[in-house]
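In what follows, a single structure is set out as structure tokens and then discussed.
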2 protein chains.
Amino acid sequence: MNISMDEAIVRRSLHDELVERLQRLIIEGELTPGEKVPEKELCERYNVSRTPMREALKVLASEGLVTLTPNRGSSVTAVTVEDLEEVFPVMGALEALSGELACEKITAAEIAAIGKFHHEMIGHYKAQRLPEYFAANEAIHTAILKAARNETLAAQHRMLSARVRRARYLANMTRERWDKAVAEHEEILAAIQVRDGRQLGAILKQHLRNKLETVSEWLRRDTQG
Amino acid sequence: MNISMDEAIVRRSLHDELVERLQRLIIEGELTPGEKVPEKELCERYNVSRTPMREALKVLASEGLVTLTPNRGSSVTAVTVEDLEEVFPVMGALEALSGELACEKITAAEIAAIGKFHHEMIGHYKAQRLPEYFAANEAIHTAILKAARNETLAAQHRMLSARVRRARYLANMTRERWDKAVAEHEEILAAIQVRDGRQLGAILKQHLRNKLETVSEWLRRDTQG
DNA sequence: TGACATAATTTTGAATGCAAAATTAAATAT
DNA sequence: ATATTTAATTTTGCATTCAAAATTATGTCA
């Protein structure tokens, strides 16, 4: 009895749906860091009661995306330079691992797909289209992570990524740094194509270290300047 | 209704307290993998309503400790060999990082403390006191993690650790493996004492790889034998 | 008896209700 | 006016309630 699940009705619990929506609101910046999460307002907006909303907020809090203060509700966690300096090394370790694992398990088709993203990205770079560049960039990193075939790894990475994605997106690179990032991406692609896991891991780690530089520099300027 | 006051909750937010208590129940094995979480029973036991209990379960679910099935409640996530093979490499990467960071930041006093744990552990090893050995062992790894001065790293590690701690604890080592683990610990201590982060990271990673062998072997035997 | 249908019970997901804490507004004194 | 109380309002944390789903029990008929 092999029933195709393709058309199965996906019934999700409200809190689960809300976790996702709130995550999006935070990442896309509709809810900005430091801001109090307007519980009531969001409940009305999504037409749910406070119960599932509060469940969702608790989950987000455990992921570090919001901060709960006893008896005074939740606020979007503000990312400080210190946070970034904590998160990036951890993400670096995870990405390095993803590179190593990916090289063991990646298929030719997946390599080709990454190559395609890469060339798209280069195109956007040459045309100085930053948002499109970011999208292609993220596609590459996601593809590597997926090729690693480790859901735990992917989940951990997603979690940390969510915490800093907004800062990452907002910090716009200097021309110089952008050049460097692209150069690193050439190396990334090369390492994948020859399936050199050690090398890929190392580059990914370095790549992220440079990103940290960019982002924390921007954050420093933005928050105190 | 029979309420035992010694277990009733006093401090801080209920859901937060519950997260911790349930975590303990799972790790200590009072709630065993696969078992359905008896929501009502636990509510009575801790004398709380279902609301905070369910909030806590959602958090634990997001950490992978319990599994929520729509409309049929929550059960303790059963750890499979496949899970272990996913989790351990990630923990390995985190531990390796913790080793590197720790060597940069650890104080002489902390090194001394780790040395003390180490010697206690050796004593327990010689006397074949497994539980005490495990406790000292865990103290060492926790101390290294703490010395790394990275709360994000520690939190991620704690989360993964919780998921496999029970299996880790239950799998008893062969004499041979135990010898090896102790030998590795000698190397760990040596690397810390000379603050060789690269080396420490590498050993920790290898150490965990061996642990995976032990645990997954046991799990395979236990679940299908 | 055993396969199936149907009714009773329990469990689950989510809305609502309520008391305590926090915040804001108003009132009083300086 | 500016502090400082005090009162009103809102928000928060949690308990309770309620409808829908799932599970178990009961009844029916071959």
Side-chain angles (χ1 to χ4, degrees), chain A residues 1 3 5 7-23 25-26 31-32 34-78, chain B residues 1-5 7-23 25-26 31-32 34-78:
Chain A
M1 42 174 146
I3 298 167
M5 280 301 175
E7 287 197 288
I9 295 169
V10 196
R11 277 185 321 161
R12 307 184 61 201
S13 61
L14 287 180
H15 99 272
D16 210 27
E17 183 76 39
L18 285 172
V19 165
E20 236 174 62
R21 301 237 187 175
L22 294 180
Q23 228 164 17
L25 290 186
I26 293 169
L31 293 173
T32 58
E35 188 189 340
K36 268 199 54 174
V37 178
E39 196 178 290
K40 203 173 161 225
E41 216 170 282
L42 289 171
C43 285
E44 283 164 15
R45 171 163 170 185
Y46 293 123
N47 197 35
V48 297
S49 76
R50 283 176 59 224
T51 305
M53 180 63 72
R54 287 164 65 36
E55 287 171 351
L57 287 171
K58 255 102 198 173
V59 170
L60 292 177
S62 89
E63 291 177 0
L65 229 59
V66 309
T67 305
L68 302 180
T69 317
N71 293 319
R72 62 185 58 173
S74 33
S75 53
V76 180
T77 306
Chain B
M1 194 190 279
N2 208 338
I3 300 164
S4 55
M5 274 308 178
E7 285 200 300
I9 285 167
V10 245
R11 305 186 315 227
R12 63 180 162 160
S13 93
L14 286 181
H15 100 273
D16 210 27
E17 181 75 39
L18 285 171
V19 165
E20 234 174 61
R21 301 238 183 175
L22 295 180
Q23 228 165 16
L25 289 185
I26 293 169
L31 293 173
T32 59
E35 186 189 343
K36 271 200 54 177
V37 178
E39 196 178 291
K40 204 172 160 227
E41 215 170 284
L42 289 171
C43 285
E44 283 164 15
R45 170 165 171 183
Y46 293 124
N47 195 32
V48 298
S49 78
R50 283 176 59 223
T51 305
M53 178 63 71
R54 293 173 98 276
E55 286 170 352
L57 286 171
K58 256 101 196 171
V59 170
L60 292 177
S62 89
E63 292 178 359
L65 230 57
V66 310
T67 305
L68 303 179
T69 317
N71 292 320
R72 60 186 58 173
S74 32
S75 53
V76 181
T77 306

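In what follows, every chain begins at residue 1, and chains take the letters A, B, ... in the order their sequences are listed. These values consider heavy atoms only, across backbone and side chains, with no hydrogens, waters or symmetry-generated copies.
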Which heavy-atom pair separates B:L68 from B:S74 by the least distance, and what is that distance?
-> CD2-CB, 3.3 Å
How close or far is atom P of C:dA15 from atom CG of A:L18, stated in whole angstroms?
-> 9 Å
Rounded to the nearest 0.5 angstrom, the CD-CG distance for B:E35 and B:L25 is 10.0 Å
What is the distance from CG of A:N47 to P of C:dA15, rounded to the nearest Å?
-> 8 Å
Run the numbers on A:T67 and A:S75 for side-chain hydrogen bond (donor to acceptor under 3.5 Å, both in side chains), then give the verdict.
-> CA-CA 5 Å; A:T67 305; A:S75 53; 4.9 Å; no
Passes salt bridge (charged side-chain N to carboxylate O under 4.0 Å, His left out), A:R45 versus A:E41? Steps please.
-> CA-CA 6 Å; A:R45 171 163 170 185; A:E41 216 170 282; over 6 Å; no
Rounded interatomic separation in angstrom, taking CD from A:E55 and P from C:dT12 = 13 Å
May I ask you to say whether B:E20 pairs ionically with B:R12, meaning some side-chain N is under 4.0 Å from a carboxylate O?
-> yes
Would you mind telling me which residue lines up with the more 5' stretch of DNA chain C, A:V48 or A:N71, judged by nearest nucleotide?
-> A:V48
In whole Å, what is the span from the CE atom of B:M53 to the P atom of D:dA15?
-> 10 Å
From CG of B:L68 across to P of C:dG13 the rounded distance in Å is 7 Å
Rounded to whole Å, the CG-P distance (A:L42 to D:dT11) equals 13 Å
Nucleotide nearest A:R54 when distance is taken to its side chain, options D:dG13, C:dA14, C:dT12 = D:dG13
OP1 or OP2 of D:dA21 under 4.0 Å from side-chain N/O of B:R72 | no
Contact class for A:K36 vs. all strands (heavy atom < 4.0 Å): base, sugar-phosphate, or nothing?
-> sugar-phosphate
Figure out the NZ/C1' separation between B:K40 and C:dT11, and round it to whole Å.
-> 9 Å
B:E41 CD to C:dT11 C1', straight-line distance once rounded to whole Å | 14 Å
Would you say a side-chain N or O of A:R50 is under 4.0 Å from OP1 or OP2 of C:dA15?
-> no
Return no unless some side-chain N or O of B:S49 is found under 4.0 Å from OP1 or OP2 of D:dA15.
-> yes
